[in-house]
Each structure stands twice: as C-alpha cells, then as structure tokens.
Visitor: 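For reference, the structure I am asking about is given below.
Values reported hereafter were calculated over all heavy atoms of this structure, with side chains retained and with hydrogens, waters and symmetry mates removed. Only a predicted model underlies this, so the values are computations on that prediction, with no experimental measurement involved. Read the numbers this way: they start at 1 and go in the same order the structure lists the ligands and their atoms.
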Amino acid sequence: MTLLNVTDLRGGYAAADEIVKGATLRVDPGEIVALIGPNGAGKSTLLKLIAGLLRPRGGQVRLRDRDIAGLDAPAISRLGLAFVPQERNVFGAMTVGENLEMGGYLDAAHLRQRRDELFERFPMLAEKRRAAARTLSGGQRQILAMAIALMNAPGLLLLDEPTAGLSPRAAEDLFSTIVALNRSGVAILMVEQNALEALEVSTRAYVLVQGRAEREGQAAELASDTTIRDLFLGGKAQPMLAGNAGGPS
Ligand SMILES: Nc1ncnc2c1ncn2[C@@H]1O[C@H](COP(=O)(O)OP(=O)(O)OP(=O)(O)O)[C@@H](O)[C@H]1O
Ligand SMILES: [Mg+2]
C-alpha cells in the first residue's frame with residue numbers, strides 16, 4: 001500500500017493566490033523521495049499543505065488509508081506524519097533536552113522513553129542535552145530538528161531543505177544520517193537544493209515547476225537526464241567531459 005498519496009493538490013497563502021496548482025505525488029513505504037525544482041516553485045508550500053500547516057483548497061492527501069486533507073497539523077502528527085520546516089525548527093533559547101520534550105507533547109506518557117531512545121541514536125544530543133539549542137552547529141541543529149520530529153515516532157518524515165546553509169562536509173554527514181534513519185523504517189519526502197546529492201540517496205524524485213510536479217522518475221534516471229541537469233542541477237558541469245581545450249584561461 002502507498003504510504004502517502006497526494007492527488008491534484010491545490011493551495012497557497014491567500015485566497016486569490018494559488019501557489020500549488022495541482023500537485024500529484026506518492027511516497028511508498030521504505031522510500032526516500034526527493035522533491036527538487038527552482039526557487040519559488042512552491043516546494044515548501046506543498047510540504048506545508050501536506051503537513052496541515054496550510055489548508056488545501058482542492059485535491060486529496062491520503063496517509064495510508066485515511067484522507068488527511070483539511071486536518072490540522074497536530075492531528076496529522078498523531079497519524080504518523082512529521083514535518084521539519086526549513087527555518088526556525090528548534091527553540092534556540094531552550095536546551096536540547098527541553099526541545100525534545102516539546103516535540104513529544106502529543107504523547108506525554110512515552111516522552112522519557114522516546115527521548116532516551118533518541119539520545120541513544122544520536123549520542124551528540126545526549127552530550128549536549130543541557131546546552132541551549134542556539135549553541136549547536138548548523139548540522140547539529142538539523143539533527144535536533146529531526147529528533148524533535150521523531151519524538152512522535154512518525155512513519156513518514158517531511159524535510160524541507162535539511163542541508164541548507166551547511167558546509168559540503170556537514171551536508172554529506174546529514175545525508176548519511178537521513179539514510180540511516182530511512183533504513184530504520186522511516187519513509188522520507190525531502191525538498192533539497194543540493195539536488196544531485198539528494199538524488200544520490202533517494203529512490204525516486206519529482207521536479208516541481210510552478211506548483212506542479214512536472215517530472216517524476218527513478219532518482220538515478222533524473223540525475224543523468226541532461227535536461228534536468230541543465231535546468232536544475234547546476235548546469236552542464238560534468239568534470240569528466242569538461243575537455244581541456246586550451247586549459248583554464
Ligand atoms: N508566508 C507566505 N505568504 C505569502 N506568500 C508566500 C509565503 N511563503 C511563500 N510565498 C510565496 O509562495 C511562492 C512559492 O514559495 P515556496 O516557498 O513554496 O517556494 P519554494 O519552492 O520552497 O522556494 P525556495 O527554493 O526558495 O525555498 C513564492 O512566490 C513565495 O513568494
Ligand atoms: Mg522552500
């Protein structure tokens with residue numbers, strides 16, 4: 001059974017202003033699905049519509065066998081879908097431990113147990129449990145943001161540009177963390193600017209253009225598609241083919 005099935009989803013911020021104009025995508029159990037596309041295409045808006053932070057104006061969102069379009073964000077979290085926004089995804093003035101406790105508010109009875117499991121999975125968070133979240137590095141902060149989402153034991157995690165602003169090294173580490181998380185049984189739908197790197201760790205991908213999923217395919221297939229490379233993956237740079245006619249000038 002498909003885990004997430006989005007059909008012809010529409011919506012935006014103001015009534016007159018439709019940003020997502022009929023987006024269709026799915027996530028199957030076990031997958032990492034990448035969502036790429038130009039700035040302003042509506043990628044973040046699409047994730048917010050799915051997660052219930054914005055109310056869809058049309059279309060369907062099914063999580064397993066339930067229609068969740070129109071439910072609010074806490075109700076959707078309770079059904080096992082967690083969203084990590086691109087910005088302001090941790091409480092900077094609170095400690096790492098307090099951030100995790102905030103994330104677990106939906107299920108107070110299992111809060112300590114979940115937190116301790118996450119400390120085991122991410123020892124860095126255990127070491128820093130009494131440090132204010134604002135003292136973490138960019139990569140550490142993203143791990144905390146994911147851990148906050150994991151406090152509700154979701155089956156599906158939506159990530160909006162998890163590697164934005166990270167050094168190449170930190171981004172690579174974070175992608176490894178995301179893959180490990182996926183192998184532990186969490187399906188992932190992630191928006192990424194580091195498109196090639198995202199495609200490398202993904203099963204399938206969608207290219208969102210002007211509020212619609214224009215292309216869909218196996219991640220490896222999209223990564224080697226010349227049109228996609230030229231449009232979205234930083235142009236024609238292909239080091240092996242960048243012939244040295246005359247060398248650098
Ligand atoms: N809070 C908001 N209120 C009104 N309009 C918004 C808001 N956030 C985004 N928009 C508009 O919605 C459109 C799509 O924005 P969105 O953030 O979904 O794009 P994106 O694909 O995530 O882009 P980026 O790659 O820059 O993150 C843009 O025209 C943007 O100006
Ligand atoms: Mg965005």
Visitor: Give the numbers and elements of all ligand 1 atoms closer than 4.0 Å to a heavy atom of Q193.
Guide: 25 (O)

Visitor: Salt bridge or not for R55 and D72, using N-O below 4.0 Å?
Guide: no

Visitor: Quick one: which of R130, E127, K128 gives a side-chain contact (heavy atoms from CB on, under 4.5 Å) with V96?
Guide: K128

Visitor: Report yes or no: does R212 contribute a side-chain atom to a donor-acceptor pair with the main-chain N or O of K21 at less than 3.5 Å?
Guide: yes

Visitor: State whether the side chain of S202 and the backbone N or O of A205 hold a donor-acceptor pair below 3.5 Å, judged by distance alone.
Guide: no

Visitor: Is there at least one pair of N or O atoms, one from N39 and one from ligand 1, spaced under 3.5 Å apart?
Guide: yes

Visitor: Return yes or no for this condition: an N or O of A41 is under 3.5 Å from an N or O of ligand 1.
Guide: yes

Visitor: Rounded to the nearest 0.5 Å, what separation is found between the CD1 atom of I143 and the CG atom of L118?
Guide: 11.5 Å

Visitor: Charged N to carboxylate O under 4.0 angstrom, D116 versus R114?
Guide: no

Visitor: Which ligand 1 atoms are under 4.0 Å away from a heavy-atom of E161?
Guide: 25 (O), 27 (O)

Visitor: Any protein heavy atom at under 4.0 Å, with atom 9 (C) of ligand 1 as the reference point?
Guide: yes

Visitor: Measure the distances from the heavy atoms of G37 to every atom of ligand 1 and state whether one is below 4.0 angstrom.
Guide: no

Visitor: Any protein heavy atom lying closer than 4.0 Å to atom 19 (O) of ligand 1?
Guide: yes

Visitor: Need the ligand 1 atom indices (1-based, order shown) with element for anything under 4.0 Å from a heavy-atom of G42.
Guide: 14 (C), 16 (P), 18 (O), 19 (O), 20 (P), 21 (O)

Visitor: Has R204 got a side-chain atom pairing as donor or acceptor with R26's backbone, closer than 3.5 angstrom?
Guide: yes

Visitor: Identify the residue among N89, L181, I188 that makes a side-chain contact (heavy atoms from CB on, under 4.5 Å) with M146.
Guide: L181

Visitor: Of the protein's non-hydrogen atoms, which lies at the shortest distance from atom 3 (N) of ligand 1, and what is that distance?
Guide: Y13 CG, 3.4 Å

Visitor: Classify the contact between T45 and ligand 1 as side chain, backbone, both or neither, using a heavy-atom distance cut-off of under 4.0 Å.
Guide: both

Visitor: Taking side chain as C-beta onward, heavy atoms only, is F83 less than 4.5 Å from L157?
Guide: no

Visitor: What protein heavy atom lies closest to atom 17 (O) of ligand 1? Include the residue and the distance to one decimal.
Guide: S44 CB, 3.7 Å

Visitor: Between the candidates G12, A14, G40, which shows the shortest non-hydrogen contact distance to atom 24 (P) of ligand 1?
Guide: G40

Visitor: Name the closest protein heavy atom to atom 11 (C) of ligand 1, giving the residue it belongs to and the distance to 0.1 Å.
Guide: I19 CD1, 4.0 Å

Visitor: With a cut-off of 2.8 Å, does any N, O or S atom of N39 fall short of it relative to the Mg ion (ligand 2)?
Guide: no

Visitor: Could you identify the single nearest non-hydrogen protein atom to atom 25 (O) of ligand 1 and state the distance to 0.1 Å?
Guide: K43 NZ, 2.8 Å

Visitor: Evaluate the side-chain proximity of I178 to L159: yes if any heavy-atom separation is below 4.5 Å, no if none is.
Guide: yes

